[in-house]
Amino acid sequence: MSEQRVAARAPTLEDVARAAGVSRATASRVVNGERNVAPDLRERVRAAVAATGYVPNLAARSLVTRRTGSVAIVVSGADPHGPEGDLADATGTLDVADPFFGRVVGGMLRALRARDVDPVLMLAESDADRARVLSALRQGNVDGALLVSTHGDDPLPRLLVEGGFPAVTFARPPDPLPLSFVDVAHRDGARLAADHLVGRGCRDVAAISGPLDVRAAVERLAGFQDAMARHGQAFVPTVAGDFTYHSGVAATERLLAEEPRLDGVFASNDLMALGAVDALHRAGRRVPEDVAVVGFDDSAVGAFARPALTTVRQPIEQMAGEMARILLDELASTDRRVSSVIFEPTLRVRDSA
């Protein structure tokens, strides 16, 4: 008599509930990501899912929950025919190798993975791109959006609000909008930089700002100017850059021509600060002996530069992870409310100042 091999059936939600010692309804709530389950029961169900090898039927689940289990990570605002932004390469298109962008996306991915949510990366460089983002949300291809906007006049934040789509932005929206966001206390960070330069004995301090149509750049410059005024320097020579290394070089060359006694520089991000260091070296100025330089961001490129860059740290990965948490909690709640989280900056003192 030949032996028949019978394939084992796939584990069901009932198997998970039985293994966890809970009702099928409780197991279903945990699997579908609902929040109204006691923590101990949630852990028992998750352990039972792992033990049984249960795999949810995503198509069936989406019919019940009307959720796809995916969210869009949208980088928006760069115009391929316009000026370069901090996330743009020489062609004006988004540069995904930018260290800031990589840190933001990395923080989002880790937070989404922990909640079993899939990311969908979307670049919105034009009106047509932004229309595709809105269409994906409208048609239910993604459940919500995590938005990193690179220009102050980006229309996408307002379009998301007008469409009633769940979304969270990295940085406060440029206009007052009922839209959740995370940000850092930019003015406080700039004050840390000013206090440090003055504490080193710098007397002729200048600033390299970011584009002044970007709220973060305006806030950092204002915070720095205010702190320097409190230290007795009524006027801070300032040149606007565009958050790129090359703009930091050009701005520093101009500052040196106009302010030959320059002995301290605050740059509104690390790439411009590294450009400043390079320009100073080319001009025969030693860093930090002749001119101290402080950046903003605490990027890896600043930490490994020579001299290593003193910088204001914003916890970008934590901020990005908090964006994901806010969005997913909003999606799971029946009472959708916008919220904000402001992170505190710290100063990383290294060799450049």
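The backbone N or O of E125 sits less than 3.5 Å from a side-chain atom of D129, completing a donor-acceptor pair. Using modelled atom types, one side-chain atom of R44 and one backbone atom of A20 make a donor-acceptor pair closer than 3.5 Å. In terms of modelled atom types and a separation under 3.5 Å, the side chain of T26 and the main chain of V22 share no donor-acceptor contact.
Scanning both residues, L309 and A273, for their nearest heavy atoms gives CD2-CB, 3.8 Å. Scanning all heavy atoms of the two residues, the minimum distance from A353 to A292 falls at CB-CB, 3.7 Å. Annotation for V287 and S352: closest pair CG1-O, 3.6 Å, computed over non-hydrogen atoms. In terms of heavy-atom proximity, R306 sits nearest to H281 at O-CE1, 4.3 Å. The minimum heavy-atom distance linking A279 with E253 is given by the pair CB-CG, 4.2 Å. The heavy-atom pair separating V16 from V49 by the smallest distance is CG1-CG2, 3.8 Å.
One finds the CG atom of L192 at 11.0 Å from the CG atom of L197 (value rounded to the nearest 0.5 Å). Remark: T52 OG1 to L13 CG distance equals 9.0 Å, nearest 0.5 Å. Expressed to the nearest 0.5 Å, how far CD1 of I208 lies from CG of N269 amounts to 9.5 Å. Atom OG in S76 sits 9.5 Å away from atom CG in L123 (nearest 0.5 Å). In this structure, D242 CG and S268 OG are separated by 12.0 Å, a value rounded to the nearest 0.5 Å. Within the model, atoms OG1 of T169 and CG of L177 stand 9.0 Å from one another, a figure rounded to the nearest 0.5 Å.
Ion pairing of E258 with R254 is present here, as a side-chain N (NZ or NE/NH1/NH2) and a carboxylate O approach within less than 4.0 Å. Comment: R115 engages D329 in a salt bridge, judged by a side-chain N to carboxylate O separation of less than 4.0 angstrom.
The shortest side-chain heavy-atom distance between Q314 and P345 does not fall under the 4.5 Å cut-off. L159 is listed as a side-chain neighbour of L134, based on a closest heavy-atom distance under 4.5 Å. V161 is listed as a side-chain neighbour of P178, based on a closest heavy-atom distance under 4.5 Å. In this structure the side chain of D183 never reaches within 4.5 angstrom of the side chain of F343, judged on heavy atoms. The shortest side-chain heavy-atom distance between L328 and V71 falls under the 4.5 Å cut-off. In this structure, the side chains of T238 and Q225 come closer than 4.5 Å at one or more pairs of heavy atoms. Between F243 and P211, some side-chain heavy-atom pair lies under the 4.5 Å cut-off. No side-chain heavy atom of S149 sits less than 4.5 Å from a side-chain heavy atom of R215.
I342 and M323 fall into different hydrophobic clusters, defined by Ile, Leu, Val, Met, Phe, Trp and Tyr side-chain heavy atoms under 4.5 Å apart, directly or through other members. Under the 4.5 Å side-chain contact rule for hydrophobic residues, M228 and L221 do not share a cluster. Taken together through direct or relayed side-chain contacts under 4.5 Å among Ile, Leu, Val, Met, Phe, Trp and Tyr, V168 and I316 form part of one hydrophobic cluster. No path of Ile, Leu, Val, Met, Phe, Trp and Tyr side chains, each step under 4.5 Å between heavy atoms, connects V105 with F181, placing them in separate hydrophobic clusters. By the rule that hydrophobic residues join a cluster once side-chain heavy atoms approach within less than 4.5 Å of another member, V249 and V239 end up as members of one cluster.
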Practice problem: Evaluate side chain to side chain donor-acceptor pair (under 3.5 Å) for S70 paired with D118, printing each intermediate quantity in order. | Solution: CA-CA 4 Å; S70 62; D118 295 321; over 6 Å; no
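Because its NZ or CZ atom is not both nearer than 6.0 Å to the ring centre of F165 and within 45° of the ring axis, R138 does not count as a cation-pi partner of that residue.
Residue H231 qualifies as enclosed at atom NE2: its count of foreign heavy atoms under 6.0 Å is above 12.
Checked against the 6.0 Å centroid threshold, F101 and F170 do not count as a close aromatic pair.
Residue R313 forms a salt bridge (Lys or Arg N to Asp or Glu O under 4.0 Å) with just one option from D270, D297, D298, and that option is D298. With E219 as the fixed residue, the salt bridge (Lys or Arg N to Asp or Glu O under 4.0 Å) test singles out one of R172, R191, R187: R187.
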